[in-house]
Amino acid sequence: MSGGDGSIRVLLANGSGGYDLAQTIPASAGTVRLADLDQDGDLDIVYADDTSEAAPPPMYQSYLGDGTGHFSGPVESPYLGALSAVNDFTNDGFPDVVTLGTTNRVLPGTGTGSFLSPADSYDGNFGAGYEPLWITGDFNADGNQDAVVGNAYGDLMIFHGDGHGGFVDLTPP
């Protein structure tokens with residue numbers, strides 16, 4: 001889904017075992033996540049330029065999919081940290097963004113592709129280390145999205161979601 005020039009390239013299967021370019025979205029190096037941000041049944045793109053230190057500060061950019069491999073946008077939201085995961089951590093039906101850094105945040109999704117400023121932040125570096133991997137799901141069957149975070153140093157942490165955009169009962173495995 002990304003090109004060698006840093007762009008985001010959307011490729012569609014052509015039915016002959018190959019792929020055709022559907023759209024190229026200008027971007028630099030950064031993080032891309034897929035989620036249905038506007039609840040229309042089509043995947044959308046969330047992009048963050050996690051590597052830039054340019055002024056003005058970078059923004060989260062969302063591109064809304066139309067189901068045919070084409071995306072409109074960007075819809076911009078303030079950048080508040082490296083893009084880690086996208087899931088519904090607030091139980092309102094809209095995917096939210098989790099940021100990673102020395103202060104961690106859950107930015108509530110609006111259902112339009114944008115994200116609100118978080119109500120709370122959490123100290124500590126969730127999944128600190130090179131290329132942390134976030135996997136989200138309801139791991140303890142309480143109806144709230146949780147996260148398992150691992151990194152290149154072999155650290156593995158489990159964060160239980162509280163359903164309001166926060167995490168409780170941070171339990172090492």
Side-chain angles (χ1 to χ4, degrees), residues 1-90 92-118 121 125-137 145 147-153 165:
M1 184 143 140
S2 66
D5 61 359
S7 62
I8 300 170
R9 295 184 184 170
V10 180
L11 303 173
L12 298 177
N14 62 19
S16 300
Y19 296 90
D20 294 326
L21 180 63
Q23 183 176 355
T24 300
I25 298 171
S28 59
T31 303
V32 175
R33 299 287 185 258
L34 300 175
D36 183 5
L37 302 176
D38 55 2
Q39 302 299 297
D40 64 358
D42 302 320
L43 282 178
D44 307 309
I45 297 171
V46 181
Y47 163 76
D49 181 356
D50 298 327
T51 62
S52 175
E53 295 183 19
M59 306 288 279
Y60 293 113
Q61 295 181 335
S62 301
Y63 297 87
L64 302 179
D66 66 5
T68 68
H70 294 90
F71 297 83
S72 63
V75 176
E76 294 187 335
S77 299
Y79 179 87
L80 295 174
L83 175 61
S84 298
V86 179
N87 207 326
D88 183 10
F89 293 99
T90 56
D92 62 0
F94 304 125
D96 311 308
V97 164
V98 174
T99 67
L100 177 67
T102 54
T103 301
N104 302 278
R105 300 171 176 94
V106 174
L107 284 67
T110 64
T112 64
S114 65
F115 301 95
L116 302 173
S117 295
S121 62
N125 203 346
F126 295 180
Y130 183 72
E131 298 294 326
L133 173 66
W134 282 65
I135 299 172
T136 62
Q145 294 298 307
V148 175
V149 183
N151 63 23
Y153 301 117

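Each residue takes its place number in the sequence, starting with 1.
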Give, for atom [atom1] of [X] and atom [atom2] of [Y], the distance between the pair rounded to the nearest 0.5 Å.
X: Ser117; Y: Arg105; atom1: OG; atom2: CZ; result: 9.0 Å
X: Ile8; Y: Thr24; atom1: CD1; atom2: OG1; result: 10.0 Å
X: Ser7; Y: Gln23; atom1: OG; atom2: CD; result: 10.5 Å

Atom of [X], atom of [Y] and distance for their closest heavy-atom approach:
X: Tyr63; Y: Phe71; answer: O-CD2, 3.5 Å
X: Gly113; Y: Ser62; answer: O-OG, 2.6 Å
X: Asp92; Y: Gly109; answer: OD2-O, 3.9 Å
X: Pro95; Y: Phe115; answer: O-CE2, 3.5 Å
X: Phe94; Y: Asp88; answer: O-OD1, 3.2 Å
X: Glu76; Y: Gln61; answer: OE2-NE2, 3.2 Å

Contact list for residues 37-48, test side chain to side chain donor-acceptor pair (under 3.5 Å), sequence neighbours left out
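Residue pairs with at least one partner in residues 37-48: Ser28-Tyr47.
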Is it true that a side-chain atom of [X] and a backbone atom of [Y] form a donor plus acceptor pair closer than 3.5 Å?
X: His70; Y: Ala22; value: yes
X: Asp20; Y: Asn14; value: no
X: Ser114; Y: Ser77; value: no
X: Ser16; Y: Gly18; value: no

Would you check, one step at a time, whether the test side-chain contact (heavy atoms from CB on, under 4.5 Å) holds for Leu64 with Asp66?
CA-CA 7 Å; Leu64 302 179; Asp66 66 5; over 6 Å; no
pair Tyr60-Leu107: side-chain heavy atoms closer than 4.5 Å:
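Sidechains of Leu107 and Tyr60: in contact.
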Would you say the side chain of Leu21 lies within less than 4.5 Å of the side chain of Val10, judging by non-hydrogen atoms?
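Counting from C-beta outward, Val10 and Leu21 never come under 4.5 Å.
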Using side-chain contact (heavy atoms from CB on, under 4.5 Å), reason through Asn87 and Trp134 one step at a time and then give a plain yes or no.
CA-CA 11 Å; Asn87 207 326; Trp134 282 65; over 6 Å; no
Could you point out which residue of Leu37, Thr136, Asp36 forms a side chain to side chain contact (heavy atoms under 4.5 Å, CB included) with Val86?
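Testing Val86 for a side chain to side chain contact (heavy atoms under 4.5 Å, CB included) against Leu37, Thr136, Asp36 leaves exactly one candidate, Leu37.
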